[in-house]
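Reading through the structure tokens given below for one structure.
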Amino acid sequence: MDVCSAHRNSIQFDFSDFVSKPLEVKVIISLSILAKFTGEKFGQVEKTELDAHFENLLSRADSTKNWTEKIFRQTEVLLQPNPSARIEEFLYEKLDRTVPSRPNNGELLGHYMQDAAKDFGPGTPYGSTLIKVGDCERRLGGAQREFLQTSAISFLAPLRNFLEGDWRTISKERRLLENRRLDLDSSKARLKKAKLAESKAAAAHELRVAQTEFDRQAEVTRLLLEGISSTHVNHLRCLHEFVEAQTAYYKQCYLHMQDLQKELGRFPNAFAGNPGLSMASGGSSPQGNATLPQDAASAVETDTLKIEEVQAPATGTRKAKVLYDYDAADTSELSLLADELITVYTVPGMDSDWLVGERGNQKGRVPVTYLELLS
């Protein structure tokens, strides 16, 4: 990158202050800056170089700013995928107003499901299931809302504060430092060109003043740049809090879904008890020789099934690997631990969503969805 390109990237005018100045002052400032740029461009002015440590601090600060900005923007997208909603939140924030509270997608879905259940009849199998699933969706939506609020406070806010606060201060001091460097380089050039003793004395005094101002500004900028290490420590703490918030959110979602799965698993076979599956003339069911009364009897038999009286069949037992932990809801069920192996089998009249599981001397009903059948 050439010298002019470096200056264009590092020096920015304070336009609000520049515009308010009289036209004559604007012209003088513009010509002065242009003269310094062109002087260094053509090698007529000696450029004051910063030490290697300072250059490393500058590079580290730029890298911190760039990556913080990318992480901040992508986290915003993760937490709020809807660009219109992000724009709305941005506008309300700039206007210093509170964003109106609206139901999120999960809460809205749960509301629709529960309204549909009222229309279909909460006593029907479909209606009662809609009520339970809808309630779970609303709880999932509430967990998501809490996660978004926690993440915005503990993670997004510190990143935004750095970009809009600390980084702006650093950028301002860097621009001042660059201006002091240009003044110092110009003073050095004038001292070299001075021929008369009086001119040399004046140029030397000007150089000492410029050097003092440059050194003072360099020290201020250096302290700010060294503060980037503290920024990293602060962002590290915020990152841990973000991970904890995510972990708590996904764990809460898993528990809600696990509870819902248990509730749905306890229902009798709704398809078997649906009168619509039988034919009004008393003919056969869609499965051929299975009729509605037999299925209904099976459901009743499942409800009255006594696990302690169940005996493993001579053939038909299988090994199964447990996929997730499961806590038994009552004495008829068997608690499970993830990755353990158990023996499973079915008995006449048992709901198709359940099997009988055995582990040593323990025996009880286990949900099929928690198992991987091996043999």
Exercise. Before giving the answer on salt bridge (Lys or Arg N to Asp or Glu O under 4.0 Å), spell out for Arg175 and Glu178 the whole-Å C-alpha distance, their side-chain angles and the decisive distance to 0.1 Å.
Key: CA-CA 5 Å; Arg175 290 194 295 269; Glu178 187 64 18; over 6 Å; no

Exercise. Report whether Leu373 and Tyr345 are members of the same hydrophobic cluster (ILVMFWY, side-chain heavy atoms less than 4.5 Å apart, transitive linking).
Key: yes

Quiz item: With a 4.0 Å cut-off, would you call Asp62 and Arg174 a salt bridge?
Solution: yes

Quiz item: Are side-chain heavy atoms of Lys47 and Glu49 found at a separation under 4.5 Å?
Solution: yes

Quiz item: For His232, does the NE2 atom have more than 12 heavy-atom neighbours from other residues, nucleotides or ligands under 6.0 Å away?
Solution: yes

Quiz prompt | Closest heavy-atom pair and its distance - Tyr326, Leu334 | solution = CD2-O, 3.7 Å

Practice problem: With rounding to the nearest 0.5 Å, note down the distance linking CD in Gln144 to CG in Asn104. | Solution: 5.0 Å

Quiz prompt | Thr169 side-chain N/O to Gly165 backbone N/O, donor-acceptor pair under 3.5 Å | solution = yes

Quiz item: Do Leu109 and Met257 share a hydrophobic cluster (ILVMFWY, side-chain heavy atoms under 4.5 Å, transitive)?
Solution: yes

Quiz prompt | His111 NE2: over 12 foreign heavy atoms closer than 6.0 Å | solution = no

Quiz item: Do Tyr112 and Glu137 have a side chain donor and acceptor closer than 3.5 Å?
Solution: no

Quiz item: Counting distance only, does the side-chain N/O of Arg216 pair as donor-acceptor with the main-chain N or O of Gln211 below 3.5 Å?
Solution: no

Quiz item: Heavy atoms, side chains only, cut-off 4.5 Å: are Leu196 and Lys200 in contact?
Solution: no

Quiz prompt | Check: Leu371 and Val344 side chains under 4.5 Å, non-hydrogen atoms | solution = yes

Exercise. Determine, using the 4.5 Å side-chain heavy-atom cutoff (strictly less than), whether Leu163 and Trp67 are members of one ILVMFWY cluster.
Key: no

Self-check item: Interatomic spacing from CG in Asn179 to CD in Glu213 - rounded to 0.5 Å
Solution: 11.0 Å

Quiz item: Short question: side chain of Ser59, backbone of Glu55 - any donor-acceptor pair under 3.5 Å?
Solution: no

Quiz item: Between Ser352 and Val368, what is the shortest heavy-atom contact and its length?
Solution: O-CG2, 3.8 Å

Quiz prompt | Member of Arg181, Arg180, Glu173 meeting the side chain to side chain donor-acceptor pair (under 3.5 Å) criterion with Gln217 | solution = Glu173

Self-check item: Distance, nearest 0.5 Å, that separates CG of Asp339 from CG of Leu323
Solution: 8.5 Å

Quiz item: Are Leu78 and Tyr250 joined in one hydrophobic group, where the rule is that I, L, V, M, F, W and Y side chains link up if heavy atoms are under 4.5 Å apart?
Solution: yes

Exercise. Answer yes or no: are there more than 12 heavy-atom neighbours, outside Tyr254 itself, under 6.0 Å from its atom OH?
Key: yes

Quiz item: Is the backbone of Gly357 close enough, under 3.5 Å, to the side chain of Gln362 for a donor and an acceptor to pair up by distance?
Solution: no

Self-check item: Closest contact, heavy atoms only, Ala116 versus Leu130
Solution: CB-CD1, 4.0 Å

Quiz item: Can you tell me how far CG of Leu207 sits from CG of Leu184, rounded to the nearest 0.5 angstrom?
Solution: 6.0 Å

Exercise. Determine, step by step, whether Phe214 and Asp183 satisfy the side-chain contact (heavy atoms from CB on, under 4.5 Å) criterion, reporting the C-alpha distance in whole Å, the side-chain angles of both residues, the deciding distance to 0.1 Å, and the verdict.
Key: CA-CA 8 Å; Phe214 172 79; Asp183 292 340; over 6 Å; no

Quiz item: Ignoring hydrogens and geometry, is there a side-chain-to-backbone donor-acceptor pair from Asn161 to Ala157 under 3.5 Å?
Solution: yes

Practice problem: Please test Leu260 against Val133 for side-chain contact (heavy atoms from CB on, under 4.5 Å), starting from the C-alpha separation and ending with a verdict. | Solution: CA-CA 7 Å; Leu260 176 63; Val133 176; 4.2 Å; yes

Self-check item: Evaluation steps, side-chain contact (heavy atoms from CB on, under 4.5 Å), between Arg145 and Glu107
Solution: CA-CA 9 Å; Arg145 180 184 298 278; Glu107 293 169 330; 2.6 Å; yes

Quiz item: For Thr150 and Ala245, which heavy atoms make the closest approach, and how far apart are they?
Solution: CG2-CB, 4.0 Å

Quiz item: Just by distance, do the side chain of Thr68 and the backbone of Lys65 share a donor-acceptor pair under 3.5 Å?
Solution: no

Self-check item: Side-chain touch Phe242/Phe147, heavy atoms, less than 4.5 angstrom
Solution: yes

Practice problem: Please answer whether the main-chain N or O of Leu148 pairs with a side-chain N or O of Ser151 as donor and acceptor at a distance below 3.5 Å. | Solution: no

Practice problem: Determine the interplanar angle of the Tyr370 and Tyr324 rings, folded into 0 to 90°, and report it as parallel if under 30°, tilted if 30 to 60°, perpendicular if over 60°. | Solution: perpendicular

Practice problem: Go through the steps to decide whether Thr343 and Arg318 satisfy the test side-chain contact (heavy atoms from CB on, under 4.5 Å), and finish with yes or no. | Solution: CA-CA 6 Å; Thr343 301; Arg318 304 177 66 178; over 6 Å; no

Practice problem: Evaluate the side-chain proximity of Val356 to Val366: yes if any heavy-atom separation is below 4.5 Å, no if none is. | Solution: no

Practice problem: Would you name the heavy atoms of Gln252 and Ala143 that are closest together and state the gap between them? | Solution: OE1-CB, 3.7 Å

Practice problem: Return yes if a side-chain donor-acceptor contact under 3.5 Å exists between Gln114 and Arg138, otherwise no. | Solution: yes

Quiz item: Taking the inter-plane angle between the rings of Phe162 and Trp167 on a 0 to 90° scale, is it parallel (under 30°), tilted (30 to 60°) or perpendicular (over 60°)?
Solution: tilted

Practice problem: Working to the nearest 0.5 Å, report the span between CZ of Arg237 and CD of Glu241. | Solution: 5.0 Å

Practice problem: State the NE2-OG distance between His205 and Ser187, to the nearest 0.5 angstrom. | Solution: 10.5 Å

Exercise. Could you tell me whether the side chain of Leu58 reaches within less than 4.5 Å of the side chain of Leu50, counting heavy atoms only?
Key: yes

Quiz prompt | Common cluster, Leu156/Val77, ILVMFWY with side-chain heavy-atom separation under 4.5 Å | solution = no

Quiz prompt | Between Asp185 and Thr48: side-chain donor-acceptor atoms closer than 3.5 Å | solution = yes

Quiz item: Does the side chain of Leu225 reach to within under 4.5 Å of the side chain of Ile170, using non-hydrogen atoms?
Solution: yes

Quiz item: Okay, side chain of Glu340, backbone of Leu337: is any donor-acceptor separation there less than 3.5 Å?
Solution: yes

Quiz item: With a 4.5 Å heavy-atom cut-off, do Arg222 and Phe54 have their side chains touching?
Solution: yes

Quiz item: Can you tell me if Lys193 and Ser199 form a side-chain donor-acceptor pair at under 3.5 Å?
Solution: no

Quiz prompt | Pair Arg168 + Glu164: basic N to acidic O under 4.0 Å | solution = no

Quiz item: Considering all heavy atoms of both residues, which atom of Cys238 and which atom of Pro158 are nearest to each other, and what is their separation?
Solution: SG-CG, 3.4 Å

